[in-house]
Amino acid sequence: MTSTAVSRKPLGRGRIAVHLGCLAALLVMLYPLAWLLATSLKPADEVVASLDLLPGHLEWSNYRTALDGVNDVSVWRLLGNSLLIAGGAVVGNVLSCSLAAYAFARLRFRLRGPLFAFMIATIMLPHHAVLIPQYIIFNQLGLVNTYWPLILPKFLATEAFFVFLIVQFMRGLPRELEEAARIDGCGPFRSFFRVVLPLTRPALITTAIFTFIWTWNDFFTQLIYLFDQDKFTLTLALRSFVDASSTSAFGPMFAMSVIALLPIVLFFLAFQRFLVEGMASSGVKG
């Protein structure tokens, strides 16, 4: 009994060490969020002068200023613009990437292999390398200073990473389901929408989550295409709190940062359950 108890002590200490390490890593990752929340309630002079995490005085007016918006554009208009762009990008990526993935994973056509390899190679292509040609095209079409350059490419399956992700998932689905649907008279499109698409929900949810987060946080592309302030998103509006005269409203800027962070957190929490359930069940679908 004594030897058994002694032999279990290192295992218990090891678990405690692992838990303490995970807790320390969690605190390190959560500290920037805690700092952002605390700084959003600090007065302007305390933001720059004080290194303390907790504010000495709660400045709730920072949130009132942030809710008023910037340059006569309300925060609700900015939020609506961000939701419109992010929502359109999610719909476009989920629809177009799933269609492209179905073609590469299930259909037989000439040059399928080279085309798939070329599509994968575009993942290594920097976004800035294609930004200027895209800008010239959209400028000639008269679509600059509109939301179309930010949404339309998503409907053309330009995100090779998500196409590859869905292709790999579809290859694990049994072909017998599609063969049974084909016997019942279903064509490729009907088999895709009725059979394959519902089974690829885990990959589609993953695509939707990452598309929403990446589009919502995108600053550079929106800065290139959007000029009018009433078309700005929350990401672009944050820049308005810091002007060239060095007059900066740090408190309201951090308060609006918290407001901009909330939709991402809520979107992830809303779909996290489906993502976890889908990933847990995807191992038995092959």
Side-chain angles (χ1 to χ4, degrees), residues 80 82-123 134 143 146-216 218 263-264 266-286:
S82 298
L83 289 175
L84 176 62
I85 296 174
V90 168
V91 174
N93 261 352
V94 170
L95 182 61
S96 63
C97 292
S98 60
L99 282 170
Y102 179 72
F104 284 121
R106 294 306 204 199
L107 303 182
R108 304 293 181 182
F109 55 90
R110 295 182 60 185
L111 301 179
R112 186 184 67 163
L115 289 176
F116 183 73
F118 179 79
M119 185 271 300
I120 294 298
T122 60
I123 297 178
Q134 286 181 350
L143 298 178
T146 67
Y147 299 136
W148 287 113
L150 304 173
I151 300 176
L152 186 59
K154 308 299 182 181
F155 285 86
L156 302 177
T158 56
E159 299 287 348
F161 171 76
F162 296 123
V163 176
F164 175 75
L165 175 70
I166 302 174
V167 164
Q168 294 303 108
F169 189 89
M170 287 183 177
R171 285 176 176 173
L173 299 177
R175 291 184 176 271
E176 290 78 6
L177 297 175
E178 295 171 76
E179 294 175 357
R182 192 177 300 111
I183 293 174
D184 292 337
C186 293
F189 280 99
R190 193 172 180 183
S191 298
F192 169 74
F193 285 106
R194 293 292 184 89
V195 178
V196 178
L197 195 62
L199 295 177
T200 57
R201 187 178 68 170
L204 298 181
I205 292 178
T206 303
T207 300
I209 291 176
F210 283 103
T211 300
F212 186 88
I213 294 175
W214 293 349
T215 305
W216 188 274
D218 185 19
I264 298 179
L266 295 176
F267 185 84
F268 180 79
L269 292 178
F271 288 95
Q272 183 185 19
R273 178 172 61 89
F274 300 100
L275 178 63
V276 173
E277 290 179 357
M279 290 303 179
S281 62
S282 63
V284 298
K285 287 184 177 179

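Worth saying up front: this structure is predicted, and the values here are computed from it rather than measured. The first residue of the sequence shown is numbered 1, and numbering continues consecutively from there. What you see below is based on every heavy atom in this structure, not just the backbone, and it leaves out hydrogens, waters and symmetry mates.
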Legend entry - Student check: side-chain heavy atoms of V195 and L173 closer than 4.5 Å: no

Legend entry - Validation row: T215, I85 side chains within 4.5 angstrom (heavy atoms): yes

Inset, instruction - Name all residues meeting the ring-ring contact (aromatic ring centres under 6.0 Å, His included) criterion together with W214; count only those two or more places apart in sequence or in a different chain, and write none if there are none. - result: F162, F210

Legend entry - Partners passing side-chain contact (heavy atoms from CB on, under 4.5 Å) against P263 (at least two apart in sequence or in another chain): L79, W216

Inset, instruction - Taking all non-hydrogen atoms of both residues into account, name the closest pair between A105 and R175 and its distance. - result: O-NH2, 3.3 Å

Legend entry - Pairs where residues 108-122 contributes a residue and the test side-chain hydrogen bond (donor to acceptor under 3.5 Å, both in side chains) is met, not counting sequence neighbours: none

Inset, instruction - Could you tell me which residues satisfy side-chain contact (heavy atoms from CB on, under 4.5 Å) with L111, sequence neighbours excluded, listed by chain and number? - result: P114, L115

Legend entry - Residue pairs, two or more places apart or on separate chains, that pass salt bridge (charged side-chain N to carboxylate O under 4.0 Å, His left out) and touch residues 88-102: none

Inset, instruction - Can you see which heavy atom on L204 is nearest to which on S98, and at what distance? - result: CD2-CB, 3.9 Å

Legend entry - Separation between OG1 of T207 and CD1 of I166, rounded to the nearest 0.5 Å: 4.0 Å

Legend entry - Spatial distance of atom OG (S82) from atom CG (D218) [nearest 0.5 Å]: 11.0 Å

Inset, instruction - To the nearest 0.5 angstrom, please state how far the CG atom of L177 sits from the SG atom of C186. - result: 11.5 Å

Legend entry - Over all atoms of both residues, closest heavy-atom pair of F193 and P198: O-CD, 3.6 Å

Legend entry - Minimum-distance pair of heavy atoms, taken over all atoms of F212 and I264: CE2-CA, 4.2 Å

Legend entry - Selection residues 149-171 - residue pairs positive for side-chain hydrogen bond (donor to acceptor under 3.5 Å, both in side chains), sequence neighbours left out: K154-E159, Q168-R171

Inset, instruction - Report the residues that fulfil ring-ring contact (aromatic ring centres under 6.0 Å, His included) with F118, sequence neighbours left out, ordered by chain and then residue number. - result: none

Legend entry - Heavy atoms of other groups near F155 CZ, more than 12 under 6.0 Å: yes

Legend entry - Shortest non-hydrogen contact between L165 and A203, atoms and distance: CD2-O, 4.2 Å

Legend entry - Separation between CG of L143 and CD1 of I151, rounded to the nearest 0.5 Å: 11.5 Å

Inset, instruction - Kindly state each residue pair satisfying salt bridge (charged side-chain N to carboxylate O under 4.0 Å, His left out) with at least one member in residues 182-198, sequence neighbours excluded. - result: none

Legend entry - ring-ring contact (aromatic ring centres under 6.0 Å, His included) contacts in which one or both residues fall within residues 92-115, not counting sequence neighbours: Y102-F192, F104-F116

Inset, instruction - Working to the nearest 0.5 Å, report the span between CG of L156 and CG of N93. - result: 10.5 Å

Legend entry - Partner set under side-chain hydrogen bond (donor to acceptor under 3.5 Å, both in side chains) for S96, not counting sequence neighbours: none

Legend entry - For the student: nearest non-hydrogen atoms of I120 and F164, plus distance: CD1-CD1, 3.3 Å

